[in-house]
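For ligands, and for the atoms within them, numbers begin at 1 and follow the listed sequence.
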Amino acid sequence: MINIVLFGKPGAGKGTQAEFLKGKYNLTHLSTGDIFRFNMKNDTALGQLAKSYIEQGDLVPDEVTIKMLEDEVAKNPDSKGFLFDGFPRTIAQAEALDVFLAGKDQSITATIALEADDEILVARLLERGKTSGRIDDQDEEKIRNRYQEYNEKTAPLMEYYTNQNKFYPVNGIGSIAEITERLSTVIESL
Ligand code: AMP
């Protein structure tokens with residue numbers, strides 16, 4: 001069983017790559033952003049709670065996000081492994097995930113990071129915002145806020161996973177197929 005964290009800044013291509021990798025390696029894809037958006041669309045209590053944070057480009061509070069993620073893992077007891085996309089995004093989330101998986105005699109196998117420069121990614125997100133319908137993709141100020149959240153709260157995870165010898169950076173610039181190939185090379189080396 002392998003559990004992969006797909007890591008990267010907003011717009012790095014995590015969701016796009018996850019779509020290919022989940023089928024190729026028979027992994028359950030869990031995107032916390034997608035789960036939040038599903039809840040917002042269906043106007044659930046969780047969606048209402050998350051909405052103001054997401055629309056401002058702020059992270060949703062840890063306790064809400066961690067509980068949601070654990071519930072999703074629990075809904076997939078027969079999974080052959082998970083592909084975590086957009087989670088963890090804080091040290092507290094990473095620690096909670098380690099404890100949660102350890103309780104199931106599991107662990108994170110690898111954290112694979114898609115790397116790209118901020119300016120390329122901001123332009124990519126603004127372009128995506130024209131069609132994605134995502135409020136947080138449409139306003140440059142909100143996008144910049146997401147990068148600030150990333151730099152302050154998420155970037156420290158690189159050291160967290162490096163210290164566990166689980167951090168694998170990959171060049172995130174190239175065609176979708178090229179990047180899938182780079183990620184596959186890492187996964188097959190695990
Ligand atoms: P994403 O689709 O991964 O870009 O996530 C969209 C938004 O959902 C983020 O900007 C956050 O507001 C929220 N979100 C997603 N994942 C998390 C997480 N692990 N922790 C806190 N907030 C999250």
Provide, to 0.1 Å, the distance between atom 23 (C) of ligand 1 and the closest protein heavy atom, together with that atom's residue and name.
F36 CE1, 3.8 Å
What do you reckon, does R134 put a non-hydrogen atom under 4.0 Å from ligand 1?
yes
Close-contact set for ligand 1 against T65 heavy atoms, below 4.0 Å:
18 (C), 19 (N), 20 (N), 21 (C)
Give the atoms of ligand 1, by number and element, whose distance to some non-hydrogen atom of T32 is under 4.0 Å.
15 (C), 16 (N), 17 (C), 19 (N)
Close N or O approach ([X], ligand 1; < 3.5 Å):
{"X": "Q93", "result": "yes"}
{"X": "F87", "result": "no"}
{"X": "R89", "result": "yes"}
{"X": "G86", "result": "yes"}
{"X": "R37", "result": "yes"}

Indicate, as side chain, backbone, both or neither, the part of D58 found under 4.0 angstrom from ligand 1 when only non-hydrogen atoms are considered.
backbone
Picking from R146, R124, R37, what satisfies salt bridge (Lys or Arg N to Asp or Glu O under 4.0 Å) with D137?
R146
Applying the side-chain contact (heavy atoms from CB on, under 4.5 Å) criterion to L59, which one of T32, T65, T90 satisfies it?
T90
